[in-house]
Protein chains: 2
Amino acid sequence: MDGCVRTVTRGAVAEEIRLTPTSYIVLGLLDLAGEATPYELKRMVAAGIGNFWSLQHAQLYTETARLAGAGYLDEEQERSGRRRKLYRLTKRGQAALRGWVATPTDQFTELRDLALLKLFFGAEPKALAAEQLPVHEAKLAEYERLRSQGPADAAPTGPRLALESGIGHEREWVRFWRRLADG
Amino acid sequence: MDGCVRTVTRGAVAEEIRLTPTSYIVLGLLDLAGEATPYELKRMVAAGIGNFWSLQHAQLYTETARLAGAGYLDEEQERSGRRRKLYRLTKRGQAALRGWVATPTDQFTELRDLALLKLFFGAEPKALAAEQLPVHEAKLAEYERLRSQGPADAAPTGPRLALESGIGHEREWVRFWRRLADG
DNA sequence: TTCGCCATGTAATAGGTTACATGATTGC
DNA sequence: GCAATCATGTAACCTATTACATGGCGAA
């Protein structure tokens, strides 16, 4: 009834894989949680990082399996009931995550905003702004509420800094669409 | 030698497809150009829209073929030399583009920035900022140069507005990373 | 004239999205 | 005790990226 009987698969390296941002999200969250099922990961994503980098829940099942197959995760499966799979980092997984975090990147991220694409190709600015403005205002309000909940740290953490960045960009979006809405 | 002899394939609808942002970029650029080969589209992308929504060049070959197969484009192929393919919008393609442009979207775009992801998972802010700051400063300078080249229109066009938005977000990135670099 | 780079294109792979499917839980 | 909803998982499809491949042109 409690899933104590499990099948354990330890760090066998069946194949080489390429680690994607999705991979590092899984590794990073498992590092925070110690161990988790894909479903728990899904909830962790929703709780924080999903705000600026969301994932399909299906992705968490395939990605954990893929990482386990390549030796980055240990996998443990319940023999009863749901046969849930529980994952945790291997040494290899920890090393991969640490190395990635420790390596700064100069990668540039494009906006890739659908509304902007329409605007580019001649969409009516006011109509677009009327749709976009409330969305970004709501998102901004949500972020600011999140920020007010967190502790007023002297030393901001990673998630906190990411949130600050999100707020800055949302303010920019609001400014931009408001100008078009009013213009 | 000049490819006058061509094979023409007219708007046959072989299959239904789903139109993606990539599809609309192709449709939109063909609308601007009248007609173009995939390679010419590649150059058009590089000249403007690629700044905030870039494409792999291979994508332009597969996407044009896909759109032609679904009746959104006419395809004309040289019989000589390079056997280049020349595409133009069909009525159906024009209608699809117009409908898309005319429909505002409330879709929200995530940041999905790799550096921010690393920051979230504990990367050293100063080291990251040292990599990111020059990249964003350079991009901002490029955008501002682009803006200064364009005419000082009374009525800004779509591309111009998209550029303004890009400038706003780059300023935000510069502000953000500068603070971490100095902090 | 040949080396190297840009032009132009195709093929293979893989990551991500969508759709589907069943087990548990809660409320009525 | 039934319906509805949430939890949990798998399968299929398809777009996008990567890798590969050849042709033409300019420079040395």
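Because only heavy atoms are used, hydrogens play no part in the values below, and waters and symmetry mates are left out as well, while side chains stay in. Chain identifiers are assigned alphabetically (A, B, ...) following the order of the sequence lines, protein sequences preceding nucleic acid strands; residue numbering begins at 1 within each chain.
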Tell me the closest heavy-atom pair linking A/G71 and A/R92, and the distance in Å.
O-CB, 3.5 Å
In one Ile/Leu/Val/Met/Phe/Trp/Tyr side-chain cluster, 4.5 Å: A/Y61, A/Y87:
no
When you match A/A58 and A/T20 each to their closest nucleotide on DNA chain C, which lands nearer the 5' end?
A/T20
Considering heavy-atom distances to DNA chain C, does B/E40 or B/T62 have its closest nucleotide positioned more toward the 5' end?
B/E40
Gap between atoms [atom1] and [atom2], on [X] and [N] respectively (whole Å):
| X | N | atom1 | atom2 | result |
| --- | --- | --- | --- | --- |
| B/L19 | C/dT17 | CG | P | 18 Å |
| B/L67 | D/dC14 | CG | P | 15 Å |
| A/E63 | D/dT10 | CD | P | 15 Å |
| A/I17 | C/dG16 | CD1 | P | 11 Å |
| A/L86 | D/dA7 | CG | C1' | 16 Å |
| A/Y61 | C/dT18 | OH | P | 17 Å |
| A/H57 | D/dC6 | NE2 | P | 14 Å |
| A/L41 | D/dT8 | CG | C1' | 13 Å |

Over all strands shown, is A/T22 touching base, sugar-phosphate only, or nothing at heavy-atom distances under 4.0 angstrom?
sugar-phosphate
Is [X] near enough to [N] that one of its side-chain N or O atoms lies under 4.0 angstrom from OP1 or OP2?
| X | N | result |
| --- | --- | --- |
| A/Q59 | C/dT17 | no |
| A/R18 | C/dA14 | no |
| A/Q56 | C/dG16 | no |
| A/Y39 | D/dA7 | yes |
| A/R84 | D/dT8 | yes |

Please determine, by modelled atom types, if A/H169 and B/E172 share a side-chain donor-acceptor pair under 3.5 angstrom.
no
Which pairs with one or both residues in residues 98-114 of chain A pass salt bridge (charged side-chain N to carboxylate O under 4.0 Å, His left out), sequence neighbours excluded?
A/E110-A/R112
Would you call the rings of A/Y24 and A/W100 parallel, tilted or perpendicular if under 30° counts as parallel and over 60° as perpendicular?
parallel
